[in-house]
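Below, chain A is the first sequence line, B the second, and so on; all start at residue 1.
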Amino acid sequence: MIKITFPDSSVREYESGITGYDIASSISPRLAKEVLSVSVNDELWDITRPIVNDSSIRLHKWDDEEGKHAFWHSSAHLMAEALEALYPGMKFGIGPAIENGFYYDVDPGEEIIKDSDLPKIEQKMKELIALKNGYQRQDISKKDALRIFKEKGDEYKQELINDLEDGTITLYSQGNFTDLCRGPHLPDTAPIKAVKLLSVAGAYWRGDEKRKQLTRIYGITFPKKSMLDEYLALLEEAKKRDHRKIGKELELFTFSQKVGQGLPLWLPKGADLRTRLEMFLRKLQKKSGYDQVITPHIGQKELYVTSGHYAKYGADSFQPINTPAEGEEFLLKPMNCPHHCEIFKNKPHSYKDLPIRYAEFGTVYRYEQSGELHGLTRVRGFTQDDAHIFCRPDQLKAEFIDVIDIILYIFRILDFKDYTAQISLRDPENTTKYIGSNENWDKAEQAIIEACAEKGLETVVETGEAAFYGPKLDFMVKDAIGRKWQLGTIQVDYNLPERFELEYVGADDQKHRPVMIHRAPFGSMERFVAVLIEHTAGKFPLWLAPEQAVVLPISEKFNDYAKKVVDLLDEQDVRAVVDDRNEKIGRKIRDNELKRIPYMLIVGEKEAENDEVSVRKQGEGDRGSMKIAKFAAILNEEIASELAK
RNA sequence: GCCGACGUAGCUCAGGGGUAGAGCGUUUCCUUGGUAAGGAAGAGGUCAUGGGUUCAAAUCCCAUCGUUGGCUCCA
């Protein structure tokens with residue numbers, strides 16, 4: 001007999017050799033039907049694998065990550081089986097479960113797999129599901145594993161096996177398909193009731209663009225047909241929040257082929273929104289001791305040679321601008337830090353002056369590869385809400401924490417709850433990617449980790465994700481369909497102060513090197529506005545809305561009164577416009593609802609007689625009539641409460 | 001940059017080897033209406049651009065540009 005410990009710490013005895021499935025059955029038939037995988041001493045197992053030692057277990061159903069994972073991973077194998085049947089000789093890379101579904105990277109040789117081939121692959125998968133083949137696990141020696149895949153002619157699997165320890169290698173087979181795999185898998189294909197292959201993409205083998213590009217097929221499966229329908233409906237719904245769509249509908253921004261790709265044109269309402277965000281941050285920064293500076297859009301190439309950016313990015317960025325005078329070379333400003341370093345050097349600084357905080361809404365230009373451009377979230381010309389803090393080493397942590405506070409404050413005001421704070425450290429295996437001494441890197445990384453710990457900030461650590469000159473703390477926020485974008489960023493830098501030979505005079509009358517913090521709470525105005533649009537679906541908070549109210553005259557007879565209302569509201573700092581089209585009130589309401597203007601003010605004979613407006617809130621409906629001044633007061637109160645979070 | 005998809009009126013899209021369609025928007029006229037689409041008439045397109053095939057190309061083929069789902073990259 002063995003002892004099985006459950007998550008609630010209860011312990012039951014079972015015969016040695018019991019399986020996860022058997023344990024689930026012993027609890028309830030329903031659980032047995034739903035269990036997909038099992039964690040045995042925190043290792044994920046098949047529910048058919050015999051447990052022979054005392055263990056603590058967790059059973060996973062569809063609702064658990066681990067359950068879905070087994071389901072989708074098994075689906076990936078199923079797709080591979082279908083592919084092998086349809087395309088004999090196809091070679092396989094890796095095929096994992098992902099957050100939503102699964103993919104498989106395959107090398108179809110001479111064949112090209114297109115979107116239009118997906119239905120026939122789906123069809124094959126459905127045929128294979130009907131066979132209800134079991135997934136068989138098999139331990140195998142490294143030598144045998146290599147032999148099998150060598151015979152099959154699959155060099156990708158051989159490469160993977162070569163990186164594995166002998167004694168840890170397992171194969172899984174279902175039907176005619178055998179794959180190198182750690183598992184776990186479903187007992188058989190029967191639970192897979194709905195299949196949808198979503199897209200075809202190119203993906204470099206092992207993520208290395210110097211290696212062969214394989215064909216990646218994305219798919220998703222569900223235990224019920226209705227769940228697939230719901231998922232697809234959800235995706236459709238999410239697409240309605242796409243900032244590119246809403247940006248067009250609400251006339252916030254546009255692009256022009258003639259101006260160039262990745263170069264956004266802000267339309268009046270978008271510019272208004274963006275300016276308001278800038279003013280908001282300006283005010284916040286003023287309170288936090290920042291000084292606003294302004295620097296030019298180009299700088300001598302030499303400036304970026306000094307900063308190290310030219311060596312790192314020069315070849316892959318916009319090329320130098322040449323002037324009629326010989327030998328002059330300028331670069332479009334790809335970042336503001338070198339300029340700010342030169343501002344710091346404008347005069348000598350005492351330790352008493354520090355920290356010095358230079359802020360600038362600095363527009364920068366970066367040559368992003370064409371395939372990387374994406375709406376407003378990835379562009380070639382954008383404006384960073386940048387600032388550089390020059391401080392003494394003993395001030396670093398406090399400064400860092402202050403910046404975290406600014407970012408969290410902004411997220412709170414704008415209701416961004418679902419964010420990830422990511423600490424990006426350098427890859428210790430590959431230090432040539434970075435500049436600066438090991439000692440400085442260690443100090444900088446330590447400072448970030450300590451500051452986060454002190455703030456009690458929940459973080460994830462990514463090694464190898466640091467900037468080339470220093471580690472950073474990034475705040476990642478998801479868009480409508482779940483893609484993560486970096487918004488706020490804080491970076492510690494010991495390198496630029498050294499390269500620019502920045503100094504201050506200490507209490508000891510000696511020269512010392514300041515530490516630098518790069519930070520941008522929004523990240524860039526473009527990306528921030530994009531994510532804000534997707535979060536709000538274009539229904540901006542009142543304080544940000546380009547138009548806060550629209551006055552709707554019942555008939556053209558009341559257009560003059562409507563204009564008077566707008567003027568009166570303007571005196572109370574309320575942004576209002578008139579819809580004076582020759583349309584019925586129902587039509588005006590509909591159109592302005594769709595424009596997401598927060599308040600509609602309906603005016604006709606009754607209102608004109610009493611200096612009133614009939615108030616209607618966007619998405620909510622009639623709020624009754626009130627004096628114009630009262631409405632303005634209510635609106636300003638609402639704004640105050642939005643900004644008091 | 002790479003793999004896949006797409007590009008038709010301001011917007012959303014249908015069509016498709018025989019010379020251009022719808023709805024919305026826009027313009028004019030009628031209507032002056034009280035809480036989510038009033039009516040009529042008109043204007044508007046070198047079917048992304050450049051080649052090729054063909055008696056004939058918006059339609060088929062190639063290239064380029066742009067957009068897009070991914071990959072890589074992201075100072």
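Pair check for A43(B) finds none; no Watson-Crick or G-U wobble contact set falls under 3.5 Å. Nucleotide A37(B): unpaired (no Watson-Crick or G-U wobble partner with both distances less than 3.5 Å). Figure legend. C6(B) is base-paired to G66(B); pairs are counted as Watson-Crick or G-U wobble with both atom distances under 3.5 Å. Taking a pair to require two hydrogen-bonding distances under 3.5 Å in either a Watson-Crick or a G-U wobble arrangement, C71(B) pairs with G1(B). Summarising the base pairing, U32(B) is matched to no nucleotide, lacking a Watson-Crick or G-U wobble pair whose two defining distances lie under 3.5 Å. Nucleotide A14(B) forms a pair with no other nucleotide shown, judged by Watson-Crick or G-U wobble geometry with both contacts under 3.5 Å.
Comparing U19(B) with U28(B), their P atoms sit 34 Å apart, to the nearest whole Å. Distance check on atom C1': U12(B) versus G70(B) gives 26 Å, rounded to whole Å. Using atom P as the reference point in both A58(B) and A43(B), the two lie 24 Å apart (nearest Å). A distance of about 13 Å separates the P atoms of U49(B) and G7(B), rounded to the whole Å. If you take atom C1' in C3(B) and the same atom in U72(B), they sit 12 Å apart, rounded to whole Å. Nucleotides A20(B) and A40(B), compared at atom P, are 26 Å apart to the nearest Å. A48(B) and C55(B) are spaced 27 Å apart, taking the C1' atom of each and rounding to whole Å. Nucleotides C47(B) and A57(B) place their C1' atoms 11 Å apart, quoted to the nearest Å.
Nearest nucleotide to the Asp115(A) side chain, out of G33(B), A5(B), G1(B): A5(B). Which of G70(B), U12(B), C73(B) sits closest to the side chain of Lys248(A) comes down to U12(B). In this structure, the nucleotide among U67(B), G1(B), C3(B) sitting nearest to the side chain of Gln261(A) is U67(B). When distances are taken from the side chain of Ala203(A) to each of U72(B), G34(B), C71(B), the shortest belongs to C71(B). For Arg244(A), taking side-chain heavy atoms from C-beta onward, the closest of the listed nucleotides G1(B), G69(B), A75(B) is G69(B). For Ala201(A), the listed nucleotide lying nearest its side chain is C3(B); candidates were A75(B), C3(B), G34(B). When each of U72(B), G33(B), C3(B) is scored by its nearest atom to the side-chain atoms of Gln369(A), the top-ranked nucleotide is U72(B). Closest contact between the side chain of Ser555(A) and the listed nucleotides A37(B), G33(B), C71(B) involves G33(B). Nearest nucleotide to the side chain of Ile602(A), out of U32(B), U35(B), U72(B): U35(B).
In this structure, Leu373(A) and Glu209(A) both approach RNA chain B, and ranking their closest nucleotides by distance from the 5' end singles out Leu373(A). Checking Lys557(A) against Gln384(A), the closest nucleotide of RNA chain B that is more toward the 5' end is the one next to Lys557(A).
The separation between Ile481(A) atom CD1 and G69(B) atom P is 6 Å, rounded to whole Å. For the pair Glu556(A) CD and G34(B) P, the interatomic distance rounds to 15 Å; values are reported in whole Å. In this structure, Arg216(A) atom CZ and G70(B) atom P are separated by 11 Å, rounded to whole Å. Regarding Leu197(A), its CG atom lies at a distance of 15 Å from the P atom of A5(B), rounded to whole Å.
A75(B) has Tyr313(A) stacked on its base ring, the centres lying under 5.5 angstrom apart and the planes within 30 degrees of parallel.
The residues Lys196(A) and Asp229(A) are annotated as not salt-bridged, no charged nitrogen and carboxylate oxygen being separated by less than 4.0 angstrom. The pair Glu501(A)-Arg513(A) does not count as a salt bridge, with every side-chain nitrogen at least 4.0 angstrom from each carboxylate oxygen. Using a 4.0 Å cut-off between charged nitrogen and carboxylate oxygen, Glu237(A) and Lys240(A) count as a salt-bridge pair. By the 4.0 Å N-to-carboxylate-O rule, Asp105(A) lies close enough to Arg216(A) to be salt-bridged with it. With respect to Glu360(A) and Lys333(A), a salt bridge is recorded, a charged nitrogen being found less than 4.0 Å from a carboxylate O. Here Lys478(A) pairs with Glu99(A) in a salt bridge; the nearest charged N to carboxylate O distance falls below 4.0 Å.
Side-chain to base pairing of Glu607(A) with G34(B): one donor and one acceptor N or O lie within less than 3.5 Å of each other. A donor N or O paired with an acceptor N or O is not found under 3.5 Å between the base of G1(B) and the side-chain atoms of Tyr367(A). One donor-acceptor pair, N or O on each side, does fall under 3.5 Å between the base of C74(B) and the side chain of Arg378(A). Judged by distance alone, with hydrogens and angles left aside, Arg211(A) brings no side-chain donor or acceptor close enough to the base of C71(B) to form a pair under 3.5 Å.
Within residues 614-626 of chain A, the residues having any heavy atom under 4.0 Å from RNA chain B are, by residue number, Ser614(A), Arg616(A), Asp622(A). Sorted by residue number, the members of residues 579-589 of chain A with any non-hydrogen atom under 4.0 Å from RNA chain B read Asn582(A), Glu583(A), Lys584(A), Ile585(A), Gly586(A), Arg587(A), Ile589(A).
Using a 4.0 Å heavy-atom distance criterion, Glu605(A) is classed as a base contact. His374(A) comes within contact range of the sugar-phosphate backbone alone, with a heavy-atom separation under 4.0 Å but no base atom that close. Counting any heavy atom pair closer than 4.0 Å across all strands shown, Lys114(A) reaches sugar-phosphate atoms only and no base atom. Within 4.0 Å of Ile112(A), counting heavy atoms only, lie sugar-phosphate atoms of the nucleic acid but no base atom. Counting non-hydrogen atoms under 4.0 angstrom, Arg206(A) reaches nothing in the nucleic acid. Contact annotation for Glu465(A): no contact, since no heavy-atom pair falls under 4.0 Å across all strands. Among the atoms of the strands shown, only primed sugar atoms or phosphate atoms (P, OP1, OP2) are found under 4.0 Å from some heavy atom of Tyr469(A). At the heavy-atom level, Tyr218(A) lies under 4.0 Å from the strands shown only through sugar-phosphate atoms. Counting any heavy atom pair closer than 4.0 Å across all strands shown, Thr215(A) reaches no nucleic acid atom. Contact annotation for Lys472(A): backbone-only contact, meaning every heavy-atom pair under 4.0 Å involves sugar-phosphate atoms and none involves a base.
Between His309(A) and Tyr313(A), the two ring planes are parallel [angle under 30°; tilted spans 30° to 60°]. Between His388(A) and His340(A), the ring planes lie perpendicular to each other; the angle is over 60°, past the 30° to 60° tilted range.
Under the 6.0 Å cut-off for aromatic ring centres, Tyr310(A) and Tyr304(A) do not qualify, their centroids lying 6.0 Å or more apart. Aromatic pair Phe344(A)/Phe390(A): ring centres closer than 6.0 Å. Centroid-to-centroid, the aromatic rings of Tyr469(A) and His518(A) come within less than 6.0 Å.
Within 6.0 Å of the NZ atom in Lys627(A), the count of heavy atoms belonging to other residues, nucleotides or ligands exceeds 12.
Between Ile121(A) and Leu86(A), some side-chain heavy-atom pair lies under the 4.5 Å cut-off.
Tyr599(A) pairs with exactly one of Glu638(A), Arg616(A), Arg623(A) by the side-chain hydrogen bond (donor to acceptor under 3.5 Å, both in side chains) rule, that one being Glu638(A).
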